[in-house]
Each structure stands twice: as structure tokens, then as C-alpha cells.
Amino acid sequence: MRKALILIVALALLGIAAWGYFGGLDRVTAARIETALVDRGLPQPMASCMAVRMVDRLSLPQLRKLEQIGAQSGEDAGSVSTVEVLSRLRRIDDREAVEVTATSAAVCAFGLAVPPG
């Protein structure tokens, strides 16, 4: 019985490691980013394109910082203008995160992104 339990735990750990190694975490993170971008008014194809680029180029702490783009008290939570988005991006004290977000938006908007794979 004890050997069976050890084998099950070892297989579970191996499965989790393989999932992470083969990009499982990146897919989950990209899906969360895509959903957040769509919720903020971006079209789904553009949000999907940006999410893939952002996951490849930013760390998890940097992606967390981007959550500050959301509406704060006194700001419109709905669709916002480009000027408002730029204003909200200034809240983030991470130049690389802002750069990657801006370049991802530009590359995806003009259809210049290279498809993953």
C-alpha cells in the first residue's frame, strides 16, 4: 500500500512538472491576460495576439503590475480612449512592462505579429 501511494505521488509530481515544462502555465496565463483585455474593451483577436506576446516577454510580477490599468475610483470602468489608456499606463512603475504592452498593441493592431508555433 505504501509503495502504491509513493508511486501515485511521484507520477502526479512528474505530470505537473511535464505540464509546466511544456507550456501549461504560459497557456493559463495567456488566457487570463486575454480575458482581462477583452473585459477592458479590446477585440478578442487583438487581445489574443497581445496576450501571447506579453506572456513571452514579461515576468509574472510584471504582468501583475499591469493589473493597475483597471479603473480606479472616479474613472470610467467601461471602454476608454487611447489617451485614458496611456494615462493609466503611467501608473505602472515598470518601463519594460509599458513598452511590451505598447509594442504588442501596435504590432497586433497592424497585423505584424508572427503566429506562435
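Remember, predicted model here, so these are calculated numbers, not experimental data.
Looking at every heavy atom in both residues, R57 comes nearest to E96 through O-OE2, 3.9 Å. Between V100 and T103, the shortest heavy-atom distance links the atoms O-OG1, 3.3 Å. Between A47 and E34, the shortest heavy-atom contact is CB-O, 3.8 Å. Across all their heavy atoms, C108 and M50 have their closest contact at SG-N, 3.5 Å. Taking every heavy atom of both residues into account, A30 and A51 meet most closely at O-CB, 3.3 Å.
A distance of 6.0 Å separates CE in M54 from CG in L63, rounded to the nearest 0.5 Å. Here the straight-line distance linking atom OG of S48 with atom CZ of R53 works out to 12.5 Å at 0.5 Å rounding. Taking CD from E99 and CG from L58, the interatomic distance works out to 10.5 Å, rounded to the nearest 0.5 Å. The line from CG of L60 to NZ of K65 is 13.0 Å long, rounded to the nearest 0.5 Å.
One hydrophobic cluster, built from ILVMFWY side chains closer than 4.5 Å, cannot hold both V38 and V55; they sit in different ones.
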